[in-house]
Amino acid sequence: MRSRLRRLVLGATALFTAASALPAAAAPSQGRAEQHPSRDGMSAVIRYTEYGIPHILAKNYADLGFGTGWAQAADEVCTLADGFVTLRGERSRYFGADTAADGALSGARTNLASDLYFRGVRESRTVEKVLAEPAPVGPSREVRGMMRGWAAGYNAWLKKNKTTDPACAGASWVRPVTELDVAARGLAIASISGEGRFVDTITTAKPPTGTTTAGSGPSARKPDAKAVAKAADELWGDPGMGSNAVAFRGDTTANGSGLLLGNPHYPWEGGRRFWQSQQTIPGELNVSGGSLLGTPAISIGFNAHVAWSHTVSTGVPANFHRLNLDPADPTTYLVDGKPERMRKRTVTVAVQDGAPVTRTQWWTRYGPVVTSLNSQVPLPWTSTTAYALYDPNASNLRFSDTSLGFSKAKSTDDVLSSLARHQGIPWVNTIAADRAGHSLYTQSQVLPRITDGLAERCSTELGRTTYPASGIAILDGSRGDCALGSDPDAVGPGIFGPARMPTLKDAPYVENSNGTAWMTNADRPITGYERVFGTVGTQLGLRTRGGIEDVAAMADKGRLTVRDLQRQQFANRVPAGDLAAGDLARACAALPGGSATGSDGKPVDVSEACGVLKAWDRTMDTGSRGALLFDRFWPRLERAVPPGQLWKVPFSAADPVGTPNTLNTDVPGLATALADTVTELRAAGIALDAPLGAHQFVVRDGERLPVPGGAGQLGVWNVIQPTWDAARGGYTEVPFGSSHLQAVGWDGSRCPVARTLLTYSQSSNPESPHFADQTRLFSGEKWVTSRFCEKDIVSSPKLKVVRVHERH
């Protein structure tokens with residue numbers, strides 16, 4: 001049987017029936033007959049190898065989408081269905097209006113706010129309008145086929161299989177989807193850092209009546225510029241997504257080919273999970289990697305020639321326009337003295353156990369009216385002024401085409417060509433390497449076309465503070481000459497063209513850890529870009545500093561291999577510890593009587609902590625003793641001590657990687673933070689020298705799995721942001737951190753040398769055998785050897801094959 005199966009698989013496009021079954025989560029409800037081939041509709045062959053990774057083989061893009069939609073549903077049907085409820089604006093109907101919203105597709109706090117926004121998008125036919133645009137503004141024929149096929153594959157899985165995941169088994173909200181739903185998901189992902197962050201204020205903004213000012217109660221006070229700048233910086237500095245990536249040039253490697261390590265930091269739960277697959281159309285496409293759930297193309301991955309990853313960028317993906325209003329009508333604004341009426345978007349949402357809710361949103365030529373940056377910082381809608389948000393990604397459906405271009409690339413130049421043609425990357429940088437030894441970094445993303453000159457000429461009084469401080473432009477919307485304009489190489493008006501993007505080609509290394517483009521390579525700083533992309537010459541985060549130190553040393557050492565990338569991923573070095581732990585231990589030992597005063601005014605014996613900190617190995621390995629003590633101490637210290645007082649040697653742009661340094665042990669907050677940390681751990685019954693893994697763990701299938709890694713705030717490359725629950729033993733869950741890892745290179749063969757790891761595993765269904773298998777690997781710092789070439793797929797001892805199909 002095995003030899004016969006391999007012969008059939010090697011036929012690549014042969015149609016066959018396999019005796020193997022789908023994963024348990026996708027067990028057919030009507031028996032094995034459902035797997036028989038059919039001549040009706042779309043079809044694909046799915047070969048499953050170790051850890052439930054599907055290798056999807058199809059004859060065209062629609063069939064490839066079909067196989068992808070089927071296989072994603074098999075692993076993640078409940079997570080996907082929940083997201084489609086969000087996109088249809090039906091969360092209030094099924095889950096209640098005041099319940100916390102699904103955070104995967106927007107920043108809405110409640111289901112009602114989420115529904116009002118997404119139903120408004122649906123009823124305004126925003127997605128249909130973008131789909132109707134010819135490529136490259138709209139999606140290509142290939143991507144349209146993939147979206148159509150994805151929906152058909154998802155629906156076919158629903159029709160032919162019984163859902164076993166207890167999260168949605170038997171739920172009425174698990175329903176078939178359309179190509180429009182798939183496209184709407186892509187649009188939501190693109191705009192999640194723009195309009196998606198402002199859903200609450202978009203859906204509650206109301207024009208003032210009488211003496212009432214929308215967004216700020218009866219007061220018409222002006223927004224505070226410094227508060228707005230700080231809120232904006234925090235808003236777009238939100239750690240809800242992050243990443244590291246590094247690419248090495250061929251002269252630093254053992255064989256002259258490039259190397260790439262990708263380490264995106266994303267949620268471990270919900271709709272922003274990655275999902276692994278290989279997609280193959282013989283003679284046309286062959287790519288492996290991770291896709292964001294509900295999307296048909298590979299988001300981060302590699303093929304026989306190129307590997308790429310993304311990191312969340314410092315670019316500010318939206319801006320504001322201050323509107324001057326008609327004194328007689330606060331829903332009419334003036335542009336060059338001519339009145340324009342705001343567009344009303346009235347939306348009605350069904351509510352569980354209650355009457356439908358109807359609300360009105362207000363839209364302008366620039367975008368929706370908003371009345372705040374957050375709950376503490378209003379942007380008041382008064383009788384004379386209002387603020388509108390412009391988000392160019394709210395009409396960007398080009399991400400899948402850009403990714404498909406990467407998937408077919410044969411060089412880093414092809415990656416750049418795809419970026420230039422499609423211009424679809426919404427809020428991330430791209431780092432790539434290729435077989436020929438080239439490296440690439442580019443912050444090629446869709447940003448509002450805010451030049452420094454435009455900001456200087458057209459900023460409001462508020463904007464003159466916010467733009468230099470945080471990159472947030474607040475422009476005078478009453479002047480036509482303050483329009484964002486066009487670049488000749490841009491796919492449309494209001495965004496930058498490819499020539500403006502910060503880019504570095506063929507440096508010995510290119511590294512990004514969510515810092516600015518400036519320090520992509522310490523020896524070849526990038527300058528000359530507009531402020532909206534990020535800063536130049538400013539202090540780096542600890543993760544950026546640590547990352548550059550590590551990869552620069554690797555490049556200097558040379559003769560690098562994929563194994564070196566694997567070691568870097570799990571080095572778990574703590575740059576904050578290297579900088580501060582020695583000084584902290586000495587300051588601790590110098591405390592009179594080994595005692596420090598806690599924030600409650602009580603003395604605490606901290607003498608044991610001194611020795612623990614001195615002996616700590618400065619890592620966040622699961623066996624590291626002292627790691628947990630420092631991990632709980634450092635955030636307390638940073639909260640207690642102003643940044644300018646934390647270090648004795650301040651930041652210098654002449655030494656951005658080495659400064660600031662030398663912990664200021666004289667600040668009074670240091671001893672207090674140490675005392676409070678010791679008190680916290682002792683109260684929880686946790687020894688100060690306990691190994692990290694004893695108290696940083698997750699429980700899967702009843703098994704306690706220690707988790708390596710640590711907070712980005714400490715500078716750790718392998719980011720893990722766990723949830724502290726002292727009553728349950730420490731860090732007991734990981735909602736966010738390292739996700740789809742890939743270490744990729746090439747040797748003399750036609751197959752890439754690739755190691756991957758999906759930290760939270762392929763399926764969120766606890767009934768699936770692939771619910772925790774890769775999480776166990778992550779716990780042990782082990783990798784999956786990628787099966788990319790046909791010979792490797794068919795030789796898998798876990799090979800399971802199924803032909804999936806659509807019947808009409």
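Index from 1, following the sequence. Just so we're clear, the structure is a prediction, and the values are computed from it rather than from any experiment.
Annotation: Lys648, atom NZ; neighbour count of heavy atoms from other residues, nucleotides and ligands within 6.0 Å is above 12. In this structure, Arg563 places its CZ atom where only 12 or fewer heavy-atom neighbours from other residues, nucleotides or ligands lie under 6.0 Å away.
Of the N and O atoms on the side chains of Asp617 and Thr619, at least one donor lies less than 3.5 Å from an acceptor on the other residue. Side-chain N/O atoms of Gln443 and Asn512 include no donor and acceptor closer than 3.5 Å. Defined by atom type and a distance below 3.5 Å, a donor-acceptor pair is missing between the side-chain atoms of Asp434 and His305. Ser243 and Thr311 share no donor-acceptor pair across their side chains, judged by distance under 3.5 Å alone. Side chains of Ser313 and Asn429: a donor-acceptor N/O pair is absent below 3.5 angstrom, by distance only. There is no side-chain donor-acceptor pair under 3.5 Å between Asn521 and Tyr441. With 3.5 Å as the limit, one finds a donor-acceptor pair spanning the side chains of Trp616 and Ser624. Asn718 and Ser738 share a donor-acceptor pair across their side chains, judged by distance under 3.5 Å alone. For the residue pair Gln445 / Trp427, no side-chain donor-acceptor distance below 3.5 Å is found, with atom types taken as modelled.
A tilted orientation is assigned to the rings of Phe496 and Phe533, their planes being inclined by 30° to 60°. Ring-plane geometry between Phe406 and Trp308 is classed as perpendicular, the angle between the planes exceeding 60 degrees on a 0 to 90 degree scale with a lower cut at 30. Classification of the Phe570-Trp783 ring pair by plane angle, with boundaries at 30° and 60°, yields perpendicular.
Formation of a donor-acceptor pair under 3.5 Å by the Gln696 side chain with backbone atoms of Thr622 is not found in this model.
Taking the centre of each ring, Tyr760 and Phe736 stay at or above the 6.0 Å mark.
In plain terms, the two heavy atoms of Gly271 and Arg185 that are nearest each other are O-NH2, 3.8 Å.
If you take CG on Leu560 and CG on Leu259, they are separated by 6.5 Å, rounding to the nearest 0.5 Å. Between the CG atom in Asn244 and the OG atom in Ser309 there is a gap of 9.5 Å [rounded to 0.5 Å].
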Please test Ser299 against Ser403 for side chain to side chain donor-acceptor pair (under 3.5 Å), starting from the C-alpha separation and ending with a verdict. CA-CA 6 Å; Ser299 307; Ser403 297; 5.4 Å; no
**Prompt:** Please walk me through it: do Lys505 and Asp413 pass salt bridge (Lys or Arg N to Asp or Glu O under 4.0 Å)?
**Reply:** CA-CA 9 Å; Lys505 298 172 63 176; Asp413 280 345; 3.3 Å; yes
* Asked: Hey, mind stepping through Leu419 and Met501 against side chain to side chain contact (heavy atoms under 4.5 Å, CB included) and telling me if it holds?
  -> CA-CA 10 Å; Leu419 288 163; Met501 306 297 176; over 6 Å; no
